[in-house]
Chemist: 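Pasting a structure below so you can have a look.
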Protein chains: 2
Amino acid sequence: MGISERKEREKEEMKKLIIDTATRLFIEQGFDKTSMRSIAEAMEYSPATIYLYFKDKSELFDAIHRQGFKVFFEYLSQVNTIEDPMERLNQLGIQYLTFAIENPGYYDLMLIMREPMSTQRNEESWDQGDTSHKILTTTVEECVSKGHFRGNDPAVVSFMIWSQVHGICSMMIRDRMKFYPEEQREELMFAAKKVFMDMVRSF
Amino acid sequence: MGISERKEREKEEMKKLIIDTATRLFIEQGFDKTSMRSIAEAMEYSPATIYLYFKDKSELFDAIHRQGFKVFFEYLSQVNTIEDPMERLNQLGIQYLTFAIENPGYYDLMLIMREPMSTQRNEESWDQGDTSHKILTTTVEECVSKGHFRGNDPAVVSFMIWSQVHGICSMMIRDRMKFYPEEQREELMFAAKKVFMDMVRSF
DNA sequence: AATTTTACTGAACGCTGTTTAGTAAAATTA
DNA sequence: TAATTTTACTAAACAGCGTTCAGTAAAATT
(Lines give C-alpha, C1' and ligand atoms only; values in the text may rest on other atoms or scores of the structure.)
Protein backbone atom coordinates (compact mmCIF):
# COMPACT_ATOMS: atom_id res chain seq x y z
CA MET A 1 0.00 0.00 0.00
CA GLY A 2 2.54 2.63 -1.10
CA ILE A 3 -0.11 5.10 -2.18
CA SER A 4 -1.87 5.54 1.15
CA GLU A 5 1.48 5.98 2.82
CA ARG A 6 2.47 8.70 0.37
CA LYS A 7 -0.89 10.36 0.96
CA GLU A 8 -0.36 10.23 4.69
CA ARG A 9 3.01 11.87 4.18
CA GLU A 10 1.51 14.54 1.95
CA LYS A 11 -1.13 15.26 4.58
CA GLU A 12 1.55 15.79 7.20
CA GLU A 13 3.52 18.01 4.85
CA MET A 14 0.45 20.12 4.18
CA LYS A 15 -0.18 20.46 7.90
CA LYS A 16 3.42 21.53 8.36
CA LEU A 17 3.14 24.04 5.54
CA ILE A 18 0.09 25.57 7.16
CA ILE A 19 1.67 25.72 10.62
CA ASP A 20 4.94 27.13 9.28
CA THR A 21 3.21 29.77 7.19
CA ALA A 22 0.92 30.73 10.06
CA THR A 23 3.86 30.90 12.47
CA ARG A 24 5.86 33.07 10.10
CA LEU A 25 3.03 35.56 9.62
CA PHE A 26 2.19 35.46 13.30
CA ILE A 27 5.78 36.23 14.35
CA GLU A 28 6.07 38.90 11.65
CA GLN A 29 2.81 40.74 12.14
CA GLY A 30 1.20 39.49 15.35
CA PHE A 31 -1.96 37.55 16.01
CA ASP A 32 -4.58 40.11 15.06
CA LYS A 33 -3.24 40.68 11.58
CA THR A 34 -2.74 36.99 10.87
CA SER A 35 -6.10 36.07 9.36
CA MET A 36 -7.01 32.68 7.95
CA ARG A 37 -7.33 34.41 4.60
CA SER A 38 -3.84 35.90 4.80
CA ILE A 39 -2.33 32.54 5.75
CA ALA A 40 -4.10 30.92 2.81
CA GLU A 41 -2.94 33.63 0.45
CA ALA A 42 0.67 33.30 1.60
CA MET A 43 0.41 29.55 0.95
CA GLU A 44 -1.28 30.14 -2.40
CA TYR A 45 -4.26 28.01 -1.39
CA SER A 46 -7.88 28.80 -0.78
CA PRO A 47 -8.87 29.63 2.82
CA ALA A 48 -11.25 26.67 2.86
CA THR A 49 -8.30 24.31 2.42
CA ILE A 50 -6.94 25.15 5.87
CA TYR A 51 -10.19 23.89 7.35
CA LEU A 52 -9.54 20.44 5.86
CA TYR A 53 -6.49 20.20 8.14
CA PHE A 54 -7.50 22.23 11.19
CA LYS A 55 -10.94 22.44 12.75
CA ASP A 56 -10.70 26.18 13.25
CA LYS A 57 -8.29 29.04 13.88
CA SER A 58 -8.06 28.14 17.52
CA GLU A 59 -6.85 24.63 16.72
CA LEU A 60 -4.28 25.96 14.27
CA PHE A 61 -2.93 28.41 16.80
CA ASP A 62 -2.87 25.68 19.38
CA ALA A 63 -0.31 23.90 17.20
CA ILE A 64 1.80 27.05 17.22
CA HIS A 65 1.21 27.32 20.94
CA ARG A 66 2.57 23.79 21.44
CA GLN A 67 5.61 24.53 19.33
CA GLY A 68 6.24 27.63 21.41
CA PHE A 69 6.31 25.50 24.53
CA LYS A 70 8.87 23.20 22.94
CA VAL A 71 11.15 26.17 22.34
CA PHE A 72 10.40 27.38 25.87
CA PHE A 73 11.50 24.05 27.37
CA GLU A 74 14.75 24.24 25.43
CA TYR A 75 15.53 27.47 27.22
CA LEU A 76 14.56 26.11 30.64
CA SER A 77 16.45 22.84 30.22
CA GLN A 78 19.72 24.78 30.02
CA VAL A 79 19.75 24.84 33.82
CA ASN A 80 19.34 21.10 34.40
CA THR A 81 23.00 20.50 35.23
CA ILE A 82 23.17 23.08 38.00
CA GLU A 83 23.42 21.36 41.37
CA ASP A 84 22.65 24.16 43.81
CA PRO A 85 18.85 24.67 43.68
CA MET A 86 19.06 28.37 44.48
CA GLU A 87 21.50 29.01 41.68
CA ARG A 88 19.35 26.83 39.42
CA LEU A 89 16.37 28.98 40.34
CA ASN A 90 18.39 32.05 39.49
CA GLN A 91 19.37 30.75 36.06
CA LEU A 92 15.82 29.56 35.47
CA GLY A 93 14.73 33.17 35.85
CA ILE A 94 17.36 34.35 33.42
CA GLN A 95 16.31 31.74 30.87
CA TYR A 96 12.67 32.73 31.34
CA LEU A 97 13.39 36.40 30.66
CA THR A 98 15.62 35.53 27.74
CA PHE A 99 12.93 33.39 26.15
CA ALA A 100 10.43 36.23 26.46
CA ILE A 101 12.84 38.77 25.00
CA GLU A 102 13.89 36.57 22.10
CA ASN A 103 10.40 35.17 21.38
CA PRO A 104 7.90 37.86 22.32
CA GLY A 105 5.31 36.52 19.88
CA TYR A 106 5.41 33.05 21.41
CA TYR A 107 5.38 34.47 24.93
CA ASP A 108 2.33 36.55 24.21
CA LEU A 109 0.45 33.66 22.61
CA MET A 110 1.43 31.16 25.28
CA LEU A 111 1.19 33.17 28.47
CA ILE A 112 -0.70 36.41 27.98
CA MET A 113 -3.40 35.98 25.35
CA ARG A 114 -6.73 34.65 26.41
CA GLU A 115 -7.29 31.20 24.91
CA PRO A 116 -10.60 30.45 23.17
CA MET A 117 -10.42 26.92 24.67
CA SER A 118 -11.53 23.83 22.83
CA THR A 119 -11.62 20.79 25.13
CA GLN A 120 -8.91 18.81 23.35
CA ARG A 121 -6.54 21.74 23.27
CA ASN A 122 -6.91 22.54 26.90
CA GLU A 123 -5.81 19.03 27.88
CA GLU A 124 -2.47 19.35 26.14
CA SER A 125 -1.67 22.97 26.87
CA TRP A 126 -2.52 22.17 30.46
CA ASP A 127 0.11 19.41 30.32
CA GLN A 128 2.71 21.79 29.01
CA GLY A 129 1.80 24.48 31.49
CA ASP A 130 1.86 21.84 34.18
CA THR A 131 5.35 20.71 33.17
CA SER A 132 6.70 24.26 33.36
CA HIS A 133 5.02 24.68 36.70
CA LYS A 134 6.58 21.44 38.00
CA ILE A 135 10.08 22.50 36.93
CA LEU A 136 9.68 25.58 39.10
CA THR A 137 7.98 24.00 42.13
CA THR A 138 10.49 21.14 42.22
CA THR A 139 13.35 23.61 42.35
CA VAL A 140 11.61 25.70 45.00
CA GLU A 141 10.95 22.60 47.10
CA GLU A 142 14.63 21.74 46.92
CA CYS A 143 15.42 25.25 48.07
CA VAL A 144 13.01 24.94 50.99
CA SER A 145 14.52 21.62 52.01
CA LYS A 146 17.90 23.34 52.05
CA GLY A 147 16.57 25.86 54.54
CA HIS A 148 15.52 28.72 52.26
CA PHE A 149 12.25 30.67 52.24
CA ARG A 150 11.83 30.37 56.01
CA GLY A 151 9.51 27.40 55.71
CA ASN A 152 6.91 29.22 53.61
CA ASP A 153 4.56 27.04 51.54
CA PRO A 154 6.45 26.11 48.33
CA ALA A 155 3.22 26.52 46.35
CA VAL A 156 2.92 30.12 47.51
CA VAL A 157 6.60 30.83 46.92
CA SER A 158 6.44 29.30 43.43
CA PHE A 159 3.42 31.36 42.53
CA MET A 160 5.15 34.48 43.80
CA ILE A 161 8.29 33.79 41.76
CA TRP A 162 6.37 32.95 38.60
CA SER A 163 4.28 36.09 39.02
CA GLN A 164 7.43 38.15 39.41
CA VAL A 165 9.08 37.03 36.20
CA HIS A 166 5.77 36.90 34.34
CA GLY A 167 5.05 40.44 35.49
CA ILE A 168 8.42 41.64 34.21
CA CYS A 169 7.89 39.97 30.82
CA SER A 170 4.29 41.12 30.52
CA MET A 171 5.30 44.71 31.11
CA MET A 172 7.82 44.48 28.32
CA ILE A 173 5.67 42.62 25.83
CA ARG A 174 2.55 44.71 26.31
CA ASP A 175 4.52 47.95 26.23
CA ARG A 176 4.09 49.21 29.78
CA MET A 177 7.72 50.28 30.10
CA LYS A 178 7.36 53.66 28.42
CA PHE A 179 8.66 55.32 31.56
CA TYR A 180 12.10 54.08 30.64
CA PRO A 181 14.15 54.74 27.49
CA GLU A 182 13.92 51.86 25.09
CA GLU A 183 17.60 50.94 25.17
CA GLN A 184 17.48 50.52 28.96
CA ARG A 185 14.42 48.31 29.16
CA GLU A 186 16.10 44.96 28.75
CA GLU A 187 18.71 45.99 31.29
CA LEU A 188 15.98 47.05 33.70
CA MET A 189 14.22 43.71 33.35
CA PHE A 190 17.34 41.84 34.41
CA ALA A 191 18.16 44.42 37.09
CA ALA A 192 14.72 43.96 38.66
CA LYS A 193 15.11 40.21 38.52
CA LYS A 194 18.51 40.52 40.17
CA VAL A 195 17.23 42.62 43.08
CA PHE A 196 14.42 40.11 43.46
CA MET A 197 16.88 37.22 43.59
CA ASP A 198 19.08 39.10 46.04
CA MET A 199 16.06 39.43 48.29
CA VAL A 200 15.14 35.80 47.84
CA ARG A 201 18.64 34.63 48.67
CA SER A 202 18.95 36.74 51.80
CA PHE A 203 15.48 35.76 53.04
CA MET B 1 -28.34 81.74 23.88
CA GLY B 2 -30.23 79.13 25.91
CA ILE B 3 -30.63 76.84 22.94
CA SER B 4 -26.96 76.28 22.23
CA GLU B 5 -26.39 75.62 25.92
CA ARG B 6 -29.14 73.05 25.98
CA LYS B 7 -27.63 71.45 22.87
CA GLU B 8 -24.25 71.36 24.54
CA ARG B 9 -25.85 69.64 27.51
CA GLU B 10 -27.62 67.15 25.27
CA LYS B 11 -24.37 66.36 23.53
CA GLU B 12 -22.70 65.61 26.85
CA GLU B 13 -25.63 63.45 27.91
CA MET B 14 -25.43 61.49 24.70
CA LYS B 15 -21.72 60.94 25.19
CA LYS B 16 -22.42 59.76 28.70
CA LEU B 17 -25.14 57.41 27.48
CA ILE B 18 -22.74 55.88 24.99
CA ILE B 19 -19.94 55.50 27.53
CA ASP B 20 -22.25 54.07 30.17
CA THR B 21 -23.83 51.60 27.79
CA ALA B 22 -20.45 50.54 26.42
CA THR B 23 -19.04 50.16 29.92
CA ARG B 24 -21.99 48.06 31.04
CA LEU B 25 -21.69 45.70 28.07
CA PHE B 26 -17.92 45.64 28.38
CA ILE B 27 -18.02 44.70 32.08
CA GLU B 28 -20.78 42.16 31.42
CA GLN B 29 -19.37 40.41 28.39
CA GLY B 30 -15.79 41.55 27.87
CA PHE B 31 -14.15 43.60 25.16
CA ASP B 32 -14.31 41.19 22.24
CA LYS B 33 -18.05 40.67 22.44
CA THR B 34 -18.79 44.37 22.86
CA SER B 35 -19.23 45.47 19.27
CA MET B 36 -20.18 48.95 18.14
CA ARG B 37 -23.38 47.44 16.80
CA SER B 38 -24.27 45.81 20.12
CA ILE B 39 -23.66 49.08 21.96
CA ALA B 40 -25.86 50.93 19.47
CA GLU B 41 -28.57 48.32 19.75
CA ALA B 42 -28.54 48.48 23.55
CA MET B 43 -28.91 52.27 23.27
CA GLU B 44 -31.63 51.93 20.63
CA TYR B 45 -29.68 54.11 18.21
CA SER B 46 -28.03 53.40 14.89
CA PRO B 47 -24.35 52.36 14.98
CA ALA B 48 -23.44 55.38 12.88
CA THR B 49 -24.65 57.68 15.67
CA ILE B 50 -21.81 56.60 17.95
CA TYR B 51 -19.36 57.86 15.34
CA LEU B 52 -20.82 61.37 15.67
CA TYR B 53 -19.58 61.41 19.27
CA PHE B 54 -16.46 59.23 19.12
CA LYS B 55 -13.96 59.05 16.28
CA ASP B 56 -13.72 55.26 16.50
CA LYS B 57 -13.97 52.32 18.86
CA SER B 58 -10.51 53.02 20.22
CA GLU B 59 -11.52 56.55 21.28
CA LEU B 60 -14.68 55.26 22.93
CA PHE B 61 -12.78 52.65 24.89
CA ASP B 62 -10.23 55.24 25.82
CA ALA B 63 -13.02 57.06 27.66
CA ILE B 64 -13.75 53.84 29.55
CA HIS B 65 -10.03 53.43 30.10
CA ARG B 66 -9.86 56.88 31.68
CA GLN B 67 -12.82 56.15 33.90
CA GLY B 68 -11.14 52.94 35.01
CA PHE B 69 -8.11 54.90 36.11
CA LYS B 70 -10.34 57.20 38.16
CA VAL B 71 -11.69 54.19 40.02
CA PHE B 72 -8.14 52.85 40.32
CA PHE B 73 -6.94 56.06 41.97
CA GLU B 74 -9.78 55.85 44.48
CA TYR B 75 -8.42 52.52 45.61
CA LEU B 76 -4.83 53.75 45.78
CA SER B 77 -5.69 56.97 47.59
CA GLN B 78 -6.96 54.94 50.57
CA VAL B 79 -3.34 54.69 51.73
CA ASN B 80 -2.54 58.43 51.70
CA THR B 81 -2.84 58.86 55.45
CA ILE B 82 -0.34 56.14 56.34
CA GLU B 83 2.85 57.70 57.67
CA ASP B 84 5.32 54.82 57.54
CA PRO B 85 6.33 54.43 53.87
CA MET B 86 6.88 50.69 54.15
CA GLU B 87 3.45 50.10 55.58
CA ARG B 88 2.03 52.46 52.95
CA LEU B 89 3.76 50.36 50.31
CA ASN B 90 2.22 47.26 51.83
CA GLN B 91 -1.30 48.68 51.79
CA LEU B 92 -0.73 50.04 48.28
CA GLY B 93 -0.16 46.45 47.18
CA ILE B 94 -3.33 45.29 48.91
CA GLN B 95 -5.33 48.06 47.26
CA TYR B 96 -3.81 47.17 43.89
CA LEU B 97 -4.79 43.52 44.19
CA THR B 98 -8.23 44.44 45.48
CA PHE B 99 -8.85 46.74 42.53
CA ALA B 100 -7.89 43.98 40.12
CA ILE B 101 -10.10 41.41 41.86
CA GLU B 102 -13.10 43.73 42.09
CA ASN B 103 -12.67 45.27 38.61
CA PRO B 104 -11.11 42.62 36.37
CA GLY B 105 -12.59 44.17 33.24
CA TYR B 106 -11.05 47.55 33.97
CA TYR B 107 -7.74 45.98 34.93
CA ASP B 108 -7.56 44.02 31.71
CA LEU B 109 -8.43 47.05 29.58
CA MET B 110 -6.10 49.39 31.43
CA LEU B 111 -3.06 47.25 32.07
CA ILE B 112 -3.06 44.10 29.97
CA MET B 113 -4.72 44.77 26.62
CA ARG B 114 -2.64 46.15 23.84
CA GLU B 115 -3.79 49.67 23.02
CA PRO B 116 -4.41 50.58 19.37
CA MET B 117 -2.93 54.00 20.17
CA SER B 118 -4.21 57.23 18.69
CA THR B 119 -1.84 60.13 19.42
CA GLN B 120 -4.29 62.15 21.53
CA ARG B 121 -5.23 59.16 23.65
CA ASN B 122 -1.70 58.18 24.38
CA GLU B 123 -1.00 61.61 25.86
CA GLU B 124 -3.67 61.26 28.49
CA SER B 125 -3.35 57.59 29.32
CA TRP B 126 0.35 58.26 29.65
CA ASP B 127 -0.48 60.92 32.24
CA GLN B 128 -2.62 58.52 34.20
CA GLY B 129 -0.06 55.73 33.96
CA ASP B 130 2.58 58.26 34.96
CA THR B 131 0.59 59.32 38.02
CA SER B 132 0.22 55.72 39.20
CA HIS B 133 3.90 55.21 38.60
CA LYS B 134 4.78 58.32 40.63
CA ILE B 135 2.66 57.20 43.57
CA LEU B 136 4.74 54.04 43.70
CA THR B 137 8.19 55.53 43.09
CA THR B 138 7.62 58.30 45.63
CA THR B 139 6.79 55.74 48.27
CA VAL B 140 9.76 53.59 47.33
CA GLU B 141 12.06 56.60 47.48
CA GLU B 142 10.81 57.35 50.97
CA CYS B 143 11.55 53.77 51.91
CA VAL B 144 15.06 54.01 50.51
CA SER B 145 15.71 57.24 52.40
CA LYS B 146 14.65 55.42 55.56
CA GLY B 147 17.33 52.83 54.93
CA HIS B 148 15.38 50.12 53.12
CA PHE B 149 16.28 48.28 49.91
CA ARG B 150 20.01 48.41 50.66
CA GLY B 151 20.57 51.45 48.48
CA ASN B 152 19.28 49.84 45.32
CA ASP B 153 18.08 52.19 42.57
CA PRO B 154 14.48 53.19 43.42
CA ALA B 155 13.58 52.97 39.72
CA VAL B 156 14.65 49.34 39.63
CA VAL B 157 12.93 48.54 42.91
CA SER B 158 9.72 50.24 41.77
CA PHE B 159 9.71 48.32 38.55
CA MET B 160 10.28 45.10 40.44
CA ILE B 161 7.41 45.76 42.82
CA TRP B 162 5.03 46.83 40.08
CA SER B 163 5.95 43.74 38.08
CA GLN B 164 5.29 41.56 41.11
CA VAL B 165 1.76 42.78 41.74
CA HIS B 166 1.01 43.10 38.05
CA GLY B 167 2.21 39.54 37.55
CA ILE B 168 -0.07 38.27 40.29
CA CYS B 169 -3.07 40.13 38.86
CA SER B 170 -2.33 39.12 35.27
CA MET B 171 -2.16 35.47 36.25
CA MET B 172 -5.59 35.74 37.82
CA ILE B 173 -7.25 37.79 35.11
CA ARG B 174 -5.92 35.80 32.18
CA ASP B 175 -6.70 32.49 33.86
CA ARG B 176 -3.21 31.09 34.47
CA MET B 177 -4.05 29.87 37.97
CA LYS B 178 -5.65 26.60 36.97
CA PHE B 179 -3.09 24.76 39.09
CA TYR B 180 -4.99 25.91 42.13
CA PRO B 181 -8.65 25.31 43.08
CA GLU B 182 -10.77 28.31 42.28
CA GLU B 183 -11.80 29.10 45.83
CA GLN B 184 -8.15 29.35 46.91
CA ARG B 185 -6.94 31.66 44.17
CA GLU B 186 -7.74 34.97 45.80
CA GLU B 187 -6.15 33.71 49.01
CA LEU B 188 -3.05 32.65 47.09
CA MET B 189 -2.73 36.07 45.47
CA PHE B 190 -2.62 37.77 48.84
CA ALA B 191 -0.40 35.05 50.31
CA ALA B 192 2.16 35.54 47.53
CA LYS B 193 2.04 39.29 48.03
CA LYS B 194 2.55 38.77 51.76
CA VAL B 195 5.64 36.59 51.32
CA PHE B 196 6.95 39.19 48.89
CA MET B 197 6.42 41.98 51.40
CA ASP B 198 8.02 39.92 54.15
CA MET B 199 11.07 39.58 51.93
CA VAL B 200 11.04 43.27 51.09
CA ARG B 201 10.79 44.27 54.73
CA SER B 202 13.61 42.01 55.88
CA PHE B 203 15.88 43.04 53.01
C1' DA C 1 -13.63 2.17 -19.14
C1' DA C 2 -16.68 3.22 -15.43
C1' DT C 3 -17.06 4.33 -10.76
C1' DT C 4 -15.73 6.02 -6.41
C1' DT C 5 -12.81 8.67 -3.54
C1' DT C 6 -9.83 12.54 -2.72
C1' DA C 7 -8.22 17.30 -2.56
C1' DC C 8 -9.48 21.43 -3.42
C1' DT C 9 -12.15 25.91 -4.40
C1' DG C 10 -15.79 29.82 -5.33
C1' DA C 11 -19.23 31.70 -3.32
C1' DA C 12 -21.82 32.51 0.30
C1' DC C 13 -23.37 33.54 5.50
C1' DG C 14 -23.23 36.32 9.29
C1' DC C 15 -20.30 38.91 11.83
C1' DT C 16 -17.02 43.09 12.51
C1' DG C 17 -15.52 48.50 12.31
C1' DT C 18 -16.38 52.35 9.61
C1' DT C 19 -18.06 55.75 5.88
C1' DT C 20 -21.32 58.14 3.14
C1' DA C 21 -25.41 59.87 1.04
C1' DG C 22 -29.70 61.13 2.26
C1' DT C 23 -33.67 62.76 5.38
C1' DA C 24 -36.72 64.70 8.63
C1' DA C 25 -36.88 67.88 12.24
C1' DA C 26 -35.20 71.94 14.51
C1' DA C 27 -33.32 76.49 14.41
C1' DT C 28 -32.54 80.63 12.02
C1' DT C 29 -33.38 84.13 8.76
C1' DA C 30 -36.36 87.06 5.90
C1' DT D 1 -45.38 83.27 9.00
C1' DA D 2 -42.63 81.28 5.12
C1' DA D 3 -38.20 80.05 3.24
C1' DT D 4 -33.72 78.62 4.24
C1' DT D 5 -30.03 76.63 6.67
C1' DT D 6 -28.22 73.75 10.18
C1' DT D 7 -28.51 69.78 13.11
C1' DA D 8 -29.14 64.96 14.51
C1' DC D 9 -29.74 60.98 12.87
C1' DT D 10 -30.02 56.59 9.91
C1' DA D 11 -30.06 53.02 5.97
C1' DA D 12 -27.11 51.09 3.21
C1' DA D 13 -22.90 50.06 1.77
C1' DC D 14 -17.62 48.74 1.86
C1' DA D 15 -14.02 45.90 3.10
C1' DG D 16 -12.50 42.87 6.26
C1' DC D 17 -13.13 38.65 9.33
C1' DG D 18 -13.95 33.18 10.55
C1' DT D 19 -16.37 29.59 8.71
C1' DT D 20 -19.38 26.39 5.77
C1' DC D 21 -20.96 24.08 1.77
C1' DA D 22 -22.06 22.76 -2.88
C1' DG D 23 -19.57 21.72 -6.69
C1' DT D 24 -15.43 20.06 -9.55
C1' DA D 25 -11.48 18.12 -11.57
C1' DA D 26 -8.08 14.82 -10.81
C1' DA D 27 -6.57 10.58 -8.75
C1' DA D 28 -7.37 5.95 -7.27
C1' DT D 29 -10.00 1.85 -7.45
C1' DT D 30 -12.90 -1.39 -9.45
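All chains are named by letter (A, B, ...) in the order of the sequence lines, taking the proteins before the strands, and each is independently numbered beginning at 1.
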Chemist: Is Ser35(A) close enough to dC17(D) that one of its side-chain N or O atoms is under 4.0 Å from OP1 or OP2 there?
Modeler: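 Answer yes for this pair, as a side-chain N or O of Ser35(A) is under 4.0 Å from OP1 or OP2.
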
Chemist: Report yes or no: does Gln164(A) contribute a side-chain atom to a donor-acceptor pair with the main-chain N or O of Met160(B) at less than 3.5 Å?
Modeler: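 It does hold such a pair.
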
Chemist: In whole Å, I'd like the distance from the CD atom of Glu44(A) to the C1' atom of dC8(C).
Modeler: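 These atoms are roughly 15 Å apart.
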
Chemist: For Asp56(B) and dA15(D), give me the distance from atom CG to atom C1', rounded to whole Å.
Modeler: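 The distance from CG of Asp56(B) to C1' of dA15(D) comes to 17 Å, rounded to the nearest Å.
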
Chemist: Report the distance from atom NZ of Lys57(A) to atom C1' of dT20(D), rounded to the nearest whole Å.
Modeler: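 Whole-Å distance recorded here is 17 Å.
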
Chemist: Counting only side-chain N and O atoms of Thr49(B), is one of them less than 4.0 Å from OP1 or OP2 of dC9(D)?
Modeler: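 Indeed not, no polar side-chain atom of Thr49(B) lies that close.
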
Chemist: Between Asp130(A) and Lys134(A), does any side-chain N to carboxylate O distance fall below 4.0 Å?
Modeler: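 Yes, charged N to carboxylate O under 4.0 Å.
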
Chemist: Of Ala48(B) and Lys11(B), whose closest DNA chain D nucleotide lies nearer the 5' terminus?
Modeler: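 Final value for this comparison: Lys11(B).
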
Chemist: If I take atom NZ in residue Lys7(A) and atom P in nucleotide dA26(D), what distance separates them, rounded to the nearest angstrom?
Modeler: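 Atom-to-atom, Lys7(A) to dA26(D), this comes out as 14 Å.
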
Chemist: Do the side chains of Arg114(A) and Asp108(B) get close enough for a salt bridge, i.e. N-O under 4.0 angstrom?
Modeler: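 Looking at Arg114(A) and Asp108(B), the cut-off is met.
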
Chemist: dT7(D), dG18(D), dC9(D): which one has an atom nearest the side-chain heavy atoms of Leu52(B)?
Modeler: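 So the nucleotide nearest the side chain must be dC9(D).
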
Chemist: Could you tell me how far apart Phe31(B) (CZ) and dG17(C) (P) are, to the nearest whole angstrom?
Modeler: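 Distance check: Phe31(B) CZ to dG17(C) P gives 8 Å.
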
Chemist: Can you check the Tyr51(B) OH to dC14(D) P distance for me, whole Å?
Modeler: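 Rounded to whole Å, this separation is 17 Å.
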
Chemist: Can you check the Lys55(A) NZ to dG18(D) P distance for me, whole Å?
Modeler: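 Going from NZ in Lys55(A) over to P in dG18(D) covers 15 Å.
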
Chemist: Would you mind reading off the distance between Met36(A) atom CE and dT9(C) atom P, rounded to a whole angstrom?
Modeler: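 Taking CE of Met36(A) and P of dT9(C), I get 14 Å after rounding.
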
Chemist: So does Tyr53(B) get a side-chain nitrogen or oxygen closer than 4.0 Å to the phosphate oxygens (OP1/OP2) of dC9(D)?
Modeler: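 Result: yes.
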
Chemist: Any salt bridge between Glu28(B) and Arg24(B), counting N to O under 4.0 Å?
Modeler: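 Salt bridge present between Glu28(B) and Arg24(B).
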
Chemist: The side chain of Met14(B) lies closest to which of these nucleotides: dC9(D), dT9(C), dT18(C)?
Modeler: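 Nearest to the side-chain atoms of Met14(B), counting from C-beta on, is dC9(D).
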
Chemist: dT18(C), OP1 or OP2 - any side-chain N/O from Arg37(B) closer than 4.0 Å?
Modeler: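 The answer is no; no side-chain N or O of Arg37(B) sits under 4.0 Å from OP1 or OP2.
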
Chemist: Distance-only, no hydrogens or angles: does the Gln128(A) side chain make a donor-acceptor pair with backbone N or O of Arg66(A) under 3.5 Å?
Modeler: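 Confirmed, Gln128(A) side chain pairs with Arg66(A) backbone.
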
Chemist: Using Watson-Crick or G-U wobble geometry with both distances below 3.5 Å, tell me the partner of dA28(D), or none.
Modeler: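 The base-pairing partner of dA28(D), which may sit in any strand shown, is dT3(C).
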
